[in-house]
Trainee: 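Take this structure, written in structure tokens, and hold onto it; I'll ask about it next.
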Amino acid sequence: MSSEPSYSEFKPLLAQSVGYGVVVGVGFFFAGVMFILTTLQRKFFKFSPASSEEFTPGLICCGIVSAWTWSATLLQSSTVAYTFGVSGPWWYGVGGTIQVAMFGMVASKVKQNANGAHTFLEIVKTRFGTSAHILFTFYGFLCILLVCGSLLLGGSATVNALTGMNTTAACFLLPIGIALYVIFGGLRATFICDWSHTIILFIIIYIFTFRAYGTSPAIGSVSRLYDLLEQASIITPVVGNQGGSYLTMKSDQGLVFGAITILSGFTGVFCDQGYWQRAIASHPESTTKAYMLGGISWFAVPWAFASCLGLSARALITNASPPNFPTYPSPLSPSQISAGLAAPAAAAVLMGKGGAITVLLVVFMAVTSAASAELIGVSSLFIYRTYFRPNATGDEIVRVSHCFICFWAVWMGCWATILNAVHIDLGWVNYLEYRGCILSPAVIPIGLTVSWSKLTKAGVFCGAIGGACFGMLAWMIGCWKIYGQINISNLAQPYSALCSSLAGLFFSGILTVGVSLLNPADYDFSGTRAIATLEDTIGSDISGVDTSYRASDTESQNEKRDEKRSSLKQPVSNIMEVGLENDDEQRLRSLKTVFRKAFIYSSILTLIVVILVPLPLFFSHYVFSKKFYTFWTACSIIWAFASGSFCIVFPLWESRNEIGMILGSAYRSIRK
């Protein structure tokens, strides 16, 4: 009988000074760059740095890829590759891609029915009043809190493992530079830094790809990696996989993980103000296009990155040639796996200290990019003007939102430190966020608020609260029945997560729709179309602050508006009085057409990535041959190159005239 495996400490490859240098130095560097870029645009270009509808589809797409690439995207996708094999990266990608693509339908409805809104909470308050607004404010802040915990736990664990930097210090220092460049640049900070982060992200993916499959002495080719994974299947077979192999989509655990990510991955999109912010910040006719392209482009990140580093980590556990596996001769311990250290371990073997620095940098970029979007989102959800100072001026709201961003940056550090102190790591928080009892019950009510005229306030409350109760009940009962007892470890097990996710989302939908149909409303969206932007009413150029009021409540200010404002931002009563202009009628028809196209495209994408590709491979019990694995790997590399080229080049091409104008103006100013 074999003895229980012994585990070793993850040996840091870098000095603590490197960790502090990256966390503090790079963060302040981006803050400085953001300040310079914002100053240049404010001085030499017509758009305000906080204006909201100036962003092109390419930049929105790039922002989606960057903001959806959390530290968990890189670390946990590699963990499931290390644990389940080739099925893990595929299902992780599916769990984020189809939600972003489907959100394109919601984005088109936002442009059609609430084009003046800056947050989904404004729409909720206008349609259902204060009580519903408070309920979904809770869900909005809870979503951001869980995301921030995931980001900082993953980032701090990686920094600690690679450099030995104190975890608590990393939790508090990581948000500082992020808060600074968000304050300097506002919404633009997220988009411009998203673009720069995306460049670094894809370059690093390409570096690891070329190293693992081409030049590494430890692997050096796809064929060699295949052989090593076959050996790993013999040494450490995967329970539930066909033949214990890492080279098969027939993985019971992988399929369960895929079901969890698909069912509950909606929460990370529909409940996160960052995605609503991007839908609002793009041109109406191109919003859906941006989300479709963003979802397709993002899929390459977990698939290519985890297929490279996650599988390499599994293959290189027994590597005896320097540089050794960080825990050699032991495998990663369960706690190290849950902390997301498979990718850092593989990087250390493939590239030594250079690999450690590279993975440290890409994880830092993922943390800062996603966290900046969350800070913008949390400032948008801040209810200062809604409940505390209804007559607050634009400058006052800017100051208060900046203070709240600073407060939240500190609270992020406190929250992550609390979680770390009670031994809750990235893996646990990642599953907790996927729990149906936490956020999934809010998904369907939020989505239907902007799209279904028959939705009622009673349906919203029954769906959101009732779904949460059923999700919590299923979580506890499922954990008890399947694993024998309820404890922290068992609550984070896959089948517990599946029970809660399925129950939370399913019962929320049944209750929301069922209760609404008992006494259906007949809402014409006139109220939500009458939501006025803060810029329209108080002359401020701040974007993204929750105003939550109707244009009809400020008639004296409405009289001062330019008569040529888009009719989508005017009350419907006024529109009926003056008549819709031909171009506005065409715009409404165009947005309805866009919604139908988004439905068709997202359905086709879902059919391909959820059914046509993985399920035949699963039910056939097929174990990849060397040729098929080479083809599979080649597809992930090609997808990564196509996505990277699109995210990097397309925004530059779309903004070529504006970039030339700014650079030309700056050059002429210097010559004077």
Side-chain angles (χ1 to χ4, degrees), residues 10 69-96 154 157-158 161-162 201 204-213 216 218-219 222 224-226 228-233 235-238 241 245-249 251 253-254 257-258 261 298-319 325-327 331-334 336-351 355-356 358-359 362-363 366 426-427 430 494 614 624 629 632-633 635-637 639-640:
F10 196 103
T69 303
W70 304 349
S71 54
T73 304
L74 305 174
L75 300 176
Q76 288 300 113
S77 64
S78 298
T79 296
V80 293
Y82 177 89
T83 307
F84 308 142
V86 295
S87 66
W90 180 270
W91 286 120
Y92 196 104
V94 170
T158 301
L162 293 176
L201 168 66
I204 290 176
I205 290 177
Y206 301 152
I207 289 173
F208 282 125
T209 298
F210 287 129
R211 182 63 174 171
Y213 302 138
S216 170
I219 299 177
V222 177
R224 173 62 176 160
L225 180 57
Y226 180 90
L228 290 172
L229 289 172
E230 280 197 320
Q231 294 177 19
S233 301
I235 298 172
T236 315
V238 186
N241 280 27
S245 176
Y246 293 91
L247 297 161
T248 179
M249 289 294 289
S251 171
Q253 296 183 73
F257 174 78
T261 57
W298 179 85
F299 185 86
V301 176
W303 189 26
F305 185 89
S307 293
C308 177
L309 289 188
L311 294 178
S312 294
R314 174 57 68 182
L316 295 172
I317 289 176
T318 58
N319 183 64
F325 198 76
T327 59
L332 293 173
S333 68
Q336 290 164 346
I337 294 172
S338 186
L341 299 184
V349 179
L350 291 173
M351 297 174 59
T358 304
V359 78
V362 73
V363 170
L426 175 63
N430 195 48
F624 290 6
Y629 178 66
W632 183 268
T633 303
C635 288
S636 71
I637 295 172
W639 201 319

Trainee: Taking all atoms of both residues into account, what is the closest heavy-atom pair of S312 and I219, and its distance?
Mentor: OG-CD1, 3.5 Å
Trainee: Run the numbers on R314 and T236 for side chain to side chain contact (heavy atoms under 4.5 Å, CB included), then give the verdict.
Mentor: CA-CA 9 Å; R314 174 57 68 182; T236 315; 3.9 Å; yes
Trainee: One pair to check against side chain to side chain donor-acceptor pair (under 3.5 Å): S251 and N241. What are the steps and the verdict?
Mentor: CA-CA 4 Å; S251 171; N241 280 27; 2.7 Å; yes
Trainee: Are the aromatic rings of W298 and W303 close, with centres under 6.0 Å apart?
Mentor: no
Trainee: Quick one, T73 and F305 - any side-chain contact, counting heavy atoms below 4.5 Å?
Mentor: no
Trainee: Hey, are the side chains of P89 and S307 touching, using non-hydrogen atoms and a 4.5 Å cut-off?
Mentor: yes
Trainee: Looking only at non-hydrogen atoms, find the nearest pair between S233 and S245 and report the distance.
Mentor: OG-CA, 3.4 Å
Trainee: Roughly how far apart are E230 CD and I235 CD1, rounded to 0.5 Å?
Mentor: 12.0 Å
Trainee: Which pair of heavy atoms, one from L75 and one from A343, lies closest together, and at what distance?
Mentor: CD2-CB, 4.5 Å
Trainee: Let me see the working for F208 and M351 under side chain to side chain contact (heavy atoms under 4.5 Å, CB included), right down to the final yes or no.
Mentor: CA-CA 9 Å; F208 282 125; M351 297 174 59; 3.6 Å; yes
Trainee: Measuring from atom OG1 of T358 to atom CD1 of I204, what distance do you get when rounded to the nearest 0.5 angstrom?
Mentor: 6.0 Å
Trainee: Please examine the side chains of S87 and F84, heavy atoms only from C-beta on, and report whether any two atoms are closer than 4.5 Å.
Mentor: yes
Trainee: Nearest 0.5 angstrom please: R224 CZ to L229 CG, how far?
Mentor: 10.5 Å
Trainee: Do P326 and V349 come close enough that some side-chain heavy atom pair is under 4.5 Å?
Mentor: yes
Trainee: Give the C-alpha distance, both sets of side-chain angles, the deciding distance and a yes or no for side chain to side chain contact (heavy atoms under 4.5 Å, CB included) between F257 and Y92.
Mentor: CA-CA 8 Å; F257 174 78; Y92 196 104; 3.6 Å; yes
Trainee: Going by the side chain to side chain contact (heavy atoms under 4.5 Å, CB included) test, name the single residue among Y82, Y226, Y629 that passes it with L311.
Mentor: Y629
Trainee: Would you call M249 and F624 a side-chain contact if the rule is heavy atoms closer than 4.5 Å?
Mentor: yes
Trainee: Do F299 and W90 have ring centres separated by under 6.0 Å?
Mentor: yes
Trainee: So, for L341 and A157, which heavy atoms are closest and what is the spacing to 0.1 Å?
Mentor: CD2-O, 4.0 Å
Trainee: Are any non-hydrogen side-chain atoms of L350 and L309 less than 4.5 angstrom apart?
Mentor: yes
Trainee: Which atoms form the tightest heavy-atom contact between G340 and T79, and what is the distance?
Mentor: CA-OG1, 3.5 Å
Trainee: Contact between T83 and V238 at the side-chain level, heavy atoms closer than 4.5 Å - yes or no?
Mentor: no
Trainee: Just verifying a value: how many Å separate Q76 CD and T261 OG1, rounded to the nearest 0.5 Å?
Mentor: 12.5 Å
Trainee: Where do V362 and V359 come nearest, in terms of heavy atoms and distance?
Mentor: CG1-O, 3.3 Å
Trainee: Measuring from atom CD1 of I637 to atom CD1 of I205, what distance do you get when rounded to the nearest 0.5 angstrom?
Mentor: 11.5 Å
Trainee: Side chains of V301 and L74: closer than 4.5 Å at any heavy-atom pair?
Mentor: yes
Trainee: Return the CG to OG distance between L316 and S216, rounded to the nearest 0.5 Å.
Mentor: 7.0 Å
